[in-house]
Each structure stands twice: as structure tokens, then as C-alpha cells.
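Everything below concerns the one structure shown next.
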Protein chains: 2
Amino acid sequence: MKAQRKRANLRDVAAAAQVSVATVSRVMNAPETVAEKTRARVEQAMQELRWLPSAAARAINSGRTRFVGALVPTLEHDIFARVLAGLERQLASHRLSLVVATTDDDPRIEAEKAQGLIDIGAEGLMVSGMTHTPEFFGLIERGQLPAIAISCFDPDYRLPTIGYDNTAAARAALDHLADQGHRRIAVVHGPSNLNDRTRARIEALAGHRPEVDLVYHEVPLSIAGGCAAGQAVRTAAARTSAVLCLSDVLASGVLFELQRAGIAVPGQISLIGVDDLPGSEHLYPELTTVHLPVSRMGLAAADALAGWVETQTVPQPRLLEIELMVRASTGPPGRLNGQPAA
Amino acid sequence: MKAQRKRANLRDVAAAAQVSVATVSRVMNAPETVAEKTRARVEQAMQELRWLPSAAARAINSGRTRFVGALVPTLEHDIFARVLAGLERQLASHRLSLVVATTDDDPRIEAEKAQGLIDIGAEGLMVSGMTHTPEFFGLIERGQLPAIAISCFDPDYRLPTIGYDNTAAARAALDHLADQGHRRIAVVHGPSNLNDRTRARIEALAGHRPEVDLVYHEVPLSIAGGCAAGQAVRTAAARTSAVLCLSDVLASGVLFELQRAGIAVPGQISLIGVDDLPGSEHLYPELTTVHLPVSRMGLAAADALAGWVETQTVPQPRLLEIELMVRASTGPPGRLNGQPAA
DNA sequence: TTGACGGATGTAACTAGTTTCATTCACTCT
DNA sequence: AGAGTGAATGAAACTAGTTACATCCGTCAA
């Protein structure tokens, strides 16, 4: 019942090695300034006491914690996982670590988790989209904390944005279908009430091509949601000759459902997505879609955030190019669509 | 050129509010013990100085940083993203945050990044699989750091493992095909030299069903890799009637390639995967596969790690059930396979 | 009136490191 | 021999908080 050994600290090591704390510190941070023999003695003491320096104590002196936080709606969708992959890789090259928190697309949860990240010492934050609570802005302004928003672009936004033009992405898809002659198009999208990117895409379509009739289907943002939409499209709308999905995940579900029902894509119905997931290119038929550069976005976000954290330079907003990938799932309107002359 | 205002600290706040540091600290941690008027004064001072408490200084006293690290091979594969999704969600309920680092399946990079995570104060680590360097073990033993391994199971391993039986998973797939009468099966797998889980699966197949001929194809672990394997299978092996992919990602690629070549699945060739990705159920035909409970694994890992960190209790290894999901991509050997009577 | 009690607050010692500014001492140069 | 030089080391101050303990003051009971 003597000395309940708590974790050894630098003073213990110094005592064991019969040197001062300064010398032990030097062995850690500038070994070349310590005499060979002394250093060996100190290192042995470290070994024996199983000493590891305390990150917190180090951080308190440097004022740096060397990590930033990322707030994303979910990790279950490929998109965000790929953003984070790029982000992590690039942050690592700046010797920064990445803390991840998910928000379920709920700004209140986002604010809470942001508070949590700040509590543990995040030096900067990355958030998704442009829907945030006043509490969130309060937090970051209070601490004058570097924070950037991704997946969107608006040079006038309160935070520097790094992303693509959601309006342009949706319109590119619509233009492609309209140019091929489609005049009645089903639009399949995820929940719009809690996601500003989805909302931006939907709003971009209204009136953009007045000659086209648009029929909207809101479903959960998942393959199953896409399946449901596929069924709805198949059974309901007669003259619908094309389906525009505002996400490739939804497009996969729609495609599955159409194939199951024996409807030819693009023979009877054309299908286009937005995202360009890694698998989209290898669906059968290959999915026509709008490529969003999420991986590059992760890299760019990392550089922007790292730069801000390291040098106090607020980064410029940055617009990344999107690209229409015309593949095999779209074509001119088919002659027959279930009932030949509805 | 006066007082370059560095970030305010608690002493500054105390001075501004004309109270002692203890009182300011109390306003943060036990507001009810401070008189209303005093508290208001202190809070106003905090506001004015835009003060946020330093996480490091707090951590140095509590000895807690409240975050753990996860080392995964990559974020680009759905599998790990889903593990992390479960992990993050469950850690959050223990009020712990998650730092993510990727290793590219390289144990040396893993050791480096583990060092980095420890440097910034991780209270525990999660790693994938059972291939780790002595340096890695040195690190965690030095700091007596909680660490668990996932995606594998071995109660005798140096770290507590939480995962599934890779041997059983591979064998379940092989059994399914063999039981249906397939006698010549192409096995498609990712790089085996740097991934012990893949290796375990491959080794599990050898001699497990002696009546079956196995032909191995090693390709990159990606859809493109699967496509390459699909071509190889199609052109090379004559009597091959089934393809066993040790990952659903590969299976998607194989399926794409077979469909493109007009080969009926499962009519001419049966196809089975391992993983059960969210999309696998909605490929056409629906992919038969072995379900690995990655999301539950994330939850279980979070509970194990949180328990260890909070209460110093080393968790029990835990084996999670796998399940063969028989869907539409497998069936008895087809009568014709390219050349009728090779 | 005086002692006891308790709420509000302050002092100073902690936490675990880094860093500045001496100081010591061996060695070289004049 | 005495001064100058530079490497090696140590004492103490510093980082930004928490907290044990002391103190002050007003109220209430004896």
C-alpha cells in the first residue's frame, strides 16, 4: 500500500537519471545538445519508468494541438468517406490529424459536436454545406476559429467555401436529357428539408428548361429509396422517358428496379445521376452522371484549413469544376414506354 | 506596437472581472457556487475578451483528452467507412471523439501514425487486422495504451480482437458453390501480401473442398480490379462455372464484365462475394454473398475501447456472427459456358 | 454578546511539460 | 598563468488551467 504508482512524469525521470528536468526535456527535443553519456542515462530512466510525454502538457506550451475537426452528415455514404479520405491524406502531409464527427444533417447536433471538438482542442473545423445554427457561428467567432464549408460554393458566404456549383450540376444533367429530346422527366431526390445542397439542386431545375415537364419524387437518400422511386416512376407516369437522380445512390436503386421490371435502359427510359461514384462507371449499363470532384475537394479543404491554422491566412473560396460524364444509360426518348400510346 | 494581444487566458479574465482565478474557474465548472452578481461580471469579461478555455490546460489537470484513434487501411472502401460510422456514433455516446488515420495497409505507416496519435494524446487505439510492427507494439506497451484489433478474431492474440471469422466466411462461400455442384471455381481476391484478412480467406479455401478445382486471380482491390478478373475468367478458363470473390467490390467488377460480354449470371456463371455491401443487394442480379457485420463491429469496438479507457478493464475478445446471404447470382452449374463441350 | 455555521471568495499549490538565463567546467590561446 | 571560448547542465520562471485550504463576513442561536 505504498506509492500507488501513477504514471511517471518528467520530474520522476529527471530524479531517476539524476539530472534536471531541463536535461530530460532536451533529450526529447534537442538530443544533440546533450552529452552522449547523460543522454543514455536519461533514456534508460525513461525506459525503466515506462514514461511517455504528456500530449496535453506539450500542447499547453506550444499552444498547438495539431488536429482539426470535420463535421459531416454521415460516414455511411461513399461521398463523405471519399472527402475525408482526401482530407486525411493531405492533412497528414501538413502533420495534422483529423477528428471526425457526424451530424445526421441536423444543425443542432452539428453545433453540439462542434462544441465537443472545440472542447478537446480542435484548431480548425470543416463543415458541410451552408446550413448552420447561430450557436455554431457563435462558437467559431468566439474562438476566432478557422472554419471552412465544403460541398458548396458561394464567395459571399460567412465561411470560406470550397466546393462545386450544385446549381450547375443539376442543370447540366437536365440539359443533357432535354437536349436529347426528353420532355417529361422524373426527378428523384433525397430529403430536401434538411439538406441545402439537395435544395439548391432542386431549385436549379425549376424553369431552367421550360419545355420540359418535371415530376418530383422525394425518397430517403439510399439505394432502397431509389428502388421506391423506381417503382413509382414505373407504375405512375405514362410518358416519362427519363429519370434524373440528384444522387448516384438513388440512380442505382432506380436502375435496379427498372431492370427487375424488364424496362430497357436507355432503350425505354434514360437514367442520369449526379455524383459519379466509383461504382457508377461499372453499373450495367454504365451510368451517365455529373462528376463531382469530392476527392480533390478533400485535398483542397485540407490545404485551405492547414494554411489557415498554420499561418493565420484566411483561404480564398474555391470553385471546383464539375463534368458531365456521358456514358451508356442515356439516349434519345424510346418509342415505347410500357403502353405504346398513352 | 503595444500589447500584441495574444489569446486571453483565465488570469486575464479574472483581472478584468476583478475576481480571483478560482472564481473564474468556478463559473466554468460549478456556476451554482458563485454569487449571481459575480457570475454575471465574470461572464461579461469572458465575452469581452473572447475567451475560450484551453483544452490542453484542462486535459493536463484531468489527465483525460477524451478521444481515441482509429487506424484503418483506407477510407475509400465502404467497409471501413461503415465501421467508422458505427464506431463514431457509439463513441459519441460515451462522450469520446474519434481521430481517424489511414495506413494504406502498410504496417510501417501504421506505426508512424500510431505514434502521431499518441503524440496528440489519444487515450486508446483501434487497428485493423493482426499485422503490426514491433515498433507498434512497443508504443502501446510503453504507454500501456488500450488498443484493440478489428476485422479478425483470435482469442489468443496479443490485442483483444473484435471481429468475424475470415476463414469461416471464405469457406461458407465455397461451400455454397460446391454444394450446388460447381467443380471448377475461379477465386478472385485482392493483394494478399499486405493484408492478413485476405490471406486468411485464401488459405481457408485450400483443400477445404477437395472435389473442387480452384483457380486464383489476384487483382487490385477495386471495381476495376474486378473487371480485370472478369475478363481473365471469361477468356481463360473453359469449364469454370462459378466465380468466388473474396470481396463484394471485386464481385461488382466481375459482374459488370460478364454482363458486358453477354454471359448470363447465374445461368452460365454463378457469382458469389464476401462483405455484403449496401449496394450488393441491389445489383442485378442480386448478389449472393457472405454478410460481415461491420456496422455492429464498429459499435462493439467502441464499447470495448470506451470501457477500457474509462474503467481500465481489458475487454473480452468478441466473435461476431457472419451469415450467408443466398440471393440471385448463384445457381447450379450452367449447361453451356462459351464452348458447349470443352 | 459571543460562538457557530455556512456561503462566497481568495491564495497558493498543484498538473507536466518548455524555455530562458545563468553557471560550471574543460580546453585553448596569448 | 590568466583570460576567453563554448559545450553541458541546472534553477527557476513560464504555459493555462484546477483545487485544497484559508479567510472573510453575515446570520442565527445560546
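Below, all heavy atoms of this structure are taken into account, side chains as well, without hydrogens, waters or symmetry copies.
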**OP:** On DNA chain D, check which nucleotide each of Thr33(A) and Arg11(A) is closest to and give me the residue with the more 5' one.
**Re:**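 Nearest-nucleotide comparison on DNA chain D picks Thr33(A).
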
Subject >> Earlier contact from the 5' end, DNA chain D, for Ser20(A) and Asn29(B) >> reply: Ser20(A)

Measure [atom1]/[X] against [atom2]/[N] and give the value in whole Å, please.
X	N	atom1	atom2	result
Arg41(A)	dT9(D)	CZ	P	8 Å
Ile60(A)	dC14(C)	CD1	C1'	12 Å
Met28(B)	dA16(D)	CE	C1'	12 Å
Gln18(B)	dG10(C)	CD	P	10 Å
Met46(B)	dG17(D)	CE	P	10 Å
Arg7(A)	dG17(C)	CZ	P	7 Å
Leu10(B)	dT11(C)	CG	C1'	14 Å
Asn61(A)	dT15(D)	CG	P	9 Å

Subject >> Of Ala57(B) and Val21(A), the one whose closest DNA chain C nucleotide lies more 5' >> reply: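 By nearest-heavy-atom nucleotide position, the 5'-most residue is Ala57(B).
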
Would you say the side-chain atoms of [X] and [Y] include a donor-acceptor pair closer than 3.5 Å?
X	Y	answer
Glu48(B)	Gln44(B)	yes
Thr131(A)	Asp196(A)	yes
His94(A)	Glu310(A)	no

Quick one: label [X] by what it contacts on the DNA or RNA (base, sugar-phosphate, nothing), any heavy atom closer than 4.0 Å.
X	answer
Ala22(A)	base
Ser54(B)	sugar-phosphate
Ser25(B)	base

Original post:
Under 6.0 Å from the six-membered ring centre of Phe137(B) and within 45° of its axis: does the NZ or CZ of Arg158(B) meet both?
Top reply: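 Here Arg158(B) passes the 6.0 Å and 45° test against Phe137(B).
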
Taking the side chain of [X] as heavy atoms from C-beta outward, which of [options] is closest to it?
X	options	result
Arg58(A)	dT18(C), dA16(C), dG10(C)	dT18(C)
Ala35(A)	dA16(C), dT9(C), dT9(D)	dT9(D)
Val34(B)	dG17(C), dA20(D), dT9(C)	dT9(C)
Thr38(B)	dT9(D), dT18(C), dT9(C)	dT9(C)
Arg26(B)	dT20(C), dT18(D), dA20(D)	dA20(D)

Original post:
Do the side-chain N or O atoms of Thr23(B) get closer than 4.0 angstrom to the phosphate oxygens (OP1, OP2) of dT9(C)?
Top reply: no

Original post:
Near Arg142(A) CZ, under 6.0 Å, is it more than 12 heavy atoms from other residues, nucleotides or ligands?
Top reply: yes

